[in-house]
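Numbers restart at 1 for each chain; the letters A, B, ... are given by sequence-line order, proteins then strands.
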Number of protein chains: 2
Amino acid sequence: MRGRGRGPWWQDRLQGTGARITAPRELIIDILHQTDDHMSAADVYIRAHELNPSIGLTTVYRTLDMLTQLGIVQKFDFGDGKARYELVNNPNGKKHHHHLICLRCKTIMDYSEFLDEELEFVKKTAGKLSKKYNFDIQDHAISFYGLCERCR
Amino acid sequence: MRGRGRGPWWQDRLQGTGARITAPRELIIDILHQTDDHMSAADVYIRAHELNPSIGLTTVYRTLDMLTQLGIVQKFDFGDGKARYELVNNPNGKKHHHHLICLRCKTIMDYSEFLDEELEFVKKTAGKLSKKYNFDIQDHAISFYGLCERCR
DNA sequence: TTGATAATGAAAATCATTTTCAATATAGCC
DNA sequence: GGCTATATTGAAAATGATTTTCATTATCAA
């Protein structure tokens with residue numbers, strides 16, 4: 001462990017902002033840690049509620065929001081009307097990846113292969129865009145849409 | 001003009017599916033044609049209503065949906081809770097482009113430069129993904145997130 | 001012109017997300 | 001370990017986008 005070394009890696013991040021370590025927050029981060037899914041707030045709530053029925057949906061939304069602000073979680077919109085959340089790249093988290101989205105069954109798959117080509121392309125393009133539009137580029141997302149194995 | 005040559009390019013596309021050409025549909029397509037904005041359904045409704053107050057919001061949603069199904073319009077989700085619509089690449093429409101999204105003011109900018117590098121990268125990556133995941137890739141989206149000129 | 005039926009608009013219903021607010025829990029301090 | 005200021009919580013209500021329902025209207029092939 002790093003930082004103040006008092007608890008899991010993310011606790012230092014929270015405390016650094018004056019935020020408190022609470023049971024709901026621990027639970028929600030745990031849940032995100034234990035899945036590879038692209039969970040909606042409702043998904044997280046259902047799982048959280050199984051483990052601790054006193055947790056409210058409001059808290060789930062608030063926590064996911066806070067974690068997103070802190071950069072611990074990334075929020076995605078795949079076009080089905082609900083936001084999805086994933087732990088961001090970090091010592092214990094998932095690595096950089098993008099998505100394959102099935103237009104028919106709406107399944108979302110991660111892929112993290114071929115990132116070398118991507119890096120090259122992104123670096124080149126981001127640099128040019130940044131210069132041309134005076135835009136401070138901090139992140140990017142690449143999604144491929146089509147039909148998955150079962151739907152094609 | 002092409003096809004049955006009776007009216008604007010898109011009318012053939014509609015009629016091909018048995019759909020009827022109606023005043024609201026003409027108006028909504030016109031509105032999308034006349035803007036470079038990334039309009040939400042409400043935006044389209046407001047403009048449509050100015051031009052023809054008898055049009056209802058429901059019809060706007062239904063029409064945008066239908067046009068999306070037909071591939072005449074593309075629907076985007078930039079994460080601010082409302083979907084946005086754009087005419088797709090076509091003889092009279094905009095050309096292939098991607099987006100720069102400001103994390104602070106939520107402004108969305110199009111860019112269509114540097115597509116040669118993109119094409120190369122996308123073709124290579126889509127090919128590999130398609131093979132590896134047995135996924136029939138039909139489209140892709142690339143977005144860069146950061147701070148725009150005014151917000152940085 | 002007409003008739004079958006696709007399309008429309010208003011209102012109600014749904015669904016995700018946010019706000020409000022009184023009750024509760026945390027962390028720094030003694 | 002107890003105490004207190006205040007961050008956090010959960011329930012319920014509010015909001016905002018989108019969808020559904022249904023009776024009325026408009027399109028277009030015959």
- Pairs touching residues 15-25 of chain A that satisfy salt bridge (Lys or Arg N to Asp or Glu O under 4.0 Å), sequence neighbours left out: none
- Not counting sequence neighbours, which residues clear side chain to side chain contact (heavy atoms under 4.5 Å, CB included) with H97(B)? List them please. E86(B), K94(B), H99(B), D110(B), S112(B)
- Quick one: list whatever passes ring-ring contact (aromatic ring centres under 6.0 Å, His included) with Y111(A), sequence neighbours left out. none
- Message: Suppose we screen for side-chain hydrogen bond (donor to acceptor under 3.5 Å, both in side chains). Which residues come up paired with T35(B), at least two apart in sequence or across chains?
- Response: none
- Item | Results of side-chain hydrogen bond (donor to acceptor under 3.5 Å, both in side chains) for K128(B) - residues two or more places apart only | E117(A)
- Got a sec, which pairs hit salt bridge (Lys or Arg N to Asp or Glu O under 4.0 Å) with one end in residues 56-81 of chain A, sequence neighbours left out? D80(A)-R84(A)
- Task: With a 4.0 Å heavy-atom cut-off, tell me which residues in residues 44-62 of chain B come close to DNA chain C, sorted by residue number.
- Result: S54(B), I55(B), G56(B), T58(B), T59(B), R62(B)
- Item | Value in whole Å for how far the P atom of dA16(C) lies from CE of M39(A) | 15 Å
- Message: Of all nucleotides in DNA chain D that come within under 4.0 Å of a heavy atom of chain B, which is furthest toward the 5' end and which toward the 3' end?
- Response: dA17(D) to dC28(D)
- Go through the structure and list residues passing ring-ring contact (aromatic ring centres under 6.0 Å, His included) with Y145(B), not counting sequence neighbours. none
- Note on the structure: When the rotation axes relating C1' atoms of four end pairs to the next four are compared across the helix from dT1(C)-dA30(D) to dC30(C)-dG1(D), five pairs an end, they differ to 10° by 40°
- Task: Quick one: list whatever passes ring-ring contact (aromatic ring centres under 6.0 Å, His included) with H140(B), sequence neighbours left out.
- Result: H96(B), H98(B)
- Item | Listed partners of F121(A) passing ring-ring contact (aromatic ring centres under 6.0 Å, His included), at least two apart | F121(B)
